[in-house]
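Every number for a ligand or one of its atoms is a count from 1 in the order of the listing. Since the structure is predicted, the reported quantities are computational estimates derived from the model, not experimental observations.
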Amino acid sequence: MKSIYIISLALVFALLSCNNPNETKKLKLEKKQAKRPLTITPSKTIPISLNDSTTEMLLRKGRALTTKMQITFKSELLKAIQRGDMADAIGFCNEKAMMISDSASYAEQAVIRRLALKNRNPENRMNEQETRIYKDFVLSWISKTPMKPRIQLSADHHPVYYAPITMQPLCLNCHGSLEKDINPNVAAKIKELYPNDKAVDFKQVDMRGMWAITFSEYYIN
Ligand code: HEC
């Protein structure tokens, strides 16, 4: 009796999974790709030593990636503002922004992250080393000396590009004061998606966070 039950159950599953296998496969693949952003296993890892010219090269690559991301991000935000749909742009910030970083980073075999102490997504928090680097940037910011991007090694010897992220007027729409700057619709959507949101009450002149781009294609020997 039990075996008949198991066989018929297996049959039901078999029939279900026969249901357009290509479609299921495609969906699975899309899901996998959507989840992939933060870790990339490089196909080949190139050993380098961190002399002046490689540091220069990595600083250039880092700068190019962050510039590309900022331009895309800003133009998408402006489009959302023109459509009058900032709440919709939140979806863009949490999913599409990651996708952009994903495609840009894929070309460079780099993992792009935006980190913050006061973060919206807890996955964007800083570890100890990153907090120290960020505090150095903040000190320069306060003393009005230029905040120079830098290359530092990760615990597993990959070079990481760090650069500060500062607030701009546009950012207040989602990171400013809940009373004055953020539209109630937007605030409600943020609360729904990020119940532990800490990334509000920033002012236009504040530091917001830090880029961290790990070049997984290289390791320092
Ligand atoms: C339409 C709303 C919206 C606007 C406008 C916006 N952001 Fe965000 N921001 C978000 C959301 C949502 C997240 C969380 C993304 C995620 O899940 O990783 C986020 C995350 C971040 C993070 C990563 C750290 C964290 O808090 O999780 C940084 C840094 C950041 N934003 C900076 C900015 C800057 C700088 C601007 C202005 C140029 C800006 N944002 C404008 C919605 C917005």
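Near Leu170, meaning under 4.0 Å from one of its heavy atoms, ligand 1 places the atoms 5 (C). Residue-ligand proximity, Cys171 to ligand 1, at heavy-atom distances under 4.0 Å covers atoms 34 (C), 35 (C), 36 (C), 37 (C), 38 (C), 39 (C), 41 (C). In summary, the atoms of ligand 1 found under 4.0 Å from a heavy atom of Ala199, numbered by their order in the structure, are 26 (O). For ligand 1, the atoms closer than 4.0 angstrom to any heavy atom of Ala116 are 24 (C). Atoms of ligand 1 lying under 4.0 Å from any heavy atom of Thr166, numbered from 1 in the order shown and given with element: 35 (C). Numbered from 1 in the order shown, with element, the atoms of ligand 1 that lie under 4.0 Å from a heavy atom of Ile165 read 29 (C), 35 (C).
Ion pairing between a basic and an acidic side chain is recognised when a charged N comes within 4.0 Å of a carboxylate O; Lys79 and Glu76 show such pairing. Using a cutoff of 4.0 Å between basic side-chain nitrogens and carboxylate oxygens, Arg150 and Asp136 are scored as salt-bridged.
Closest heavy-atom approach to atom 4 (C) of ligand 1 within the set Pro122, Cys174, Gly209, Gly176: this belongs to Cys174. The closest heavy-atom contact to atom 17 (O) of ligand 1, among the options Trp211, Tyr194, Phe202, comes from Tyr194. Within the set Arg114, Gln70, Glu76, the minimum heavy-atom distance to atom 20 (C) of ligand 1 is found for Arg114. Considering only non-hydrogen atoms, atom 22 (C) of ligand 1 lies nearest to Arg208 out of Lys198, Lys189, Arg120, Arg208.
Heavy atoms of Asn124 found under 4.0 angstrom from ligand 1 belong exclusively to the side chain. Of all the heavy atoms of His175, the ones lying under 4.0 Å from any atom of ligand 1 belong exclusively to the side chain.
The minimum heavy-atom distance linking Glu130 with Met210 is given by the pair O-CE, 3.5 Å. Lys118 and Ala199 make their closest contact through O-CB, 3.5 Å (heavy atoms, listed as atom of the first residue, atom of the second, distance).
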- Applying side-chain contact (heavy atoms from CB on, under 4.5 Å), run through Asn173 and Val186 and close with a yes or a no. CA-CA 8 Å; Asn173 285 296; Val186 175; over 6 Å; no

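When atom types are taken as modelled, the side chain of Asp52 and the backbone of Thr55 share no donor-acceptor pair closer than 3.5 angstrom. His158 places a side-chain N or O within donor-acceptor distance of the main-chain N or O of Tyr218, the cut-off being under 3.5 Å. The backbone N or O of Pro122 lies less than 3.5 Å from a partner atom in the side chain of Arg125, making a donor-acceptor pair. Of the possible polar contacts, none joining the Arg208 side chain to the Cys171 backbone as a donor-acceptor pair under 3.5 Å is found.
Checked by atom type, the side-chain pair Ser216/Thr214 shows no donor-acceptor distance below 3.5 Å.
For the ligand labelled ligand 1, residue Asp197 lies outside the 4.0 Å heavy-atom shell. The closest approach between Met167 and ligand 1 stays at or above 4.0 Å for every heavy atom of the residue.
Polar contact with ligand 1: absent for Gln168 (N/O pair, distance under 3.5 Å).
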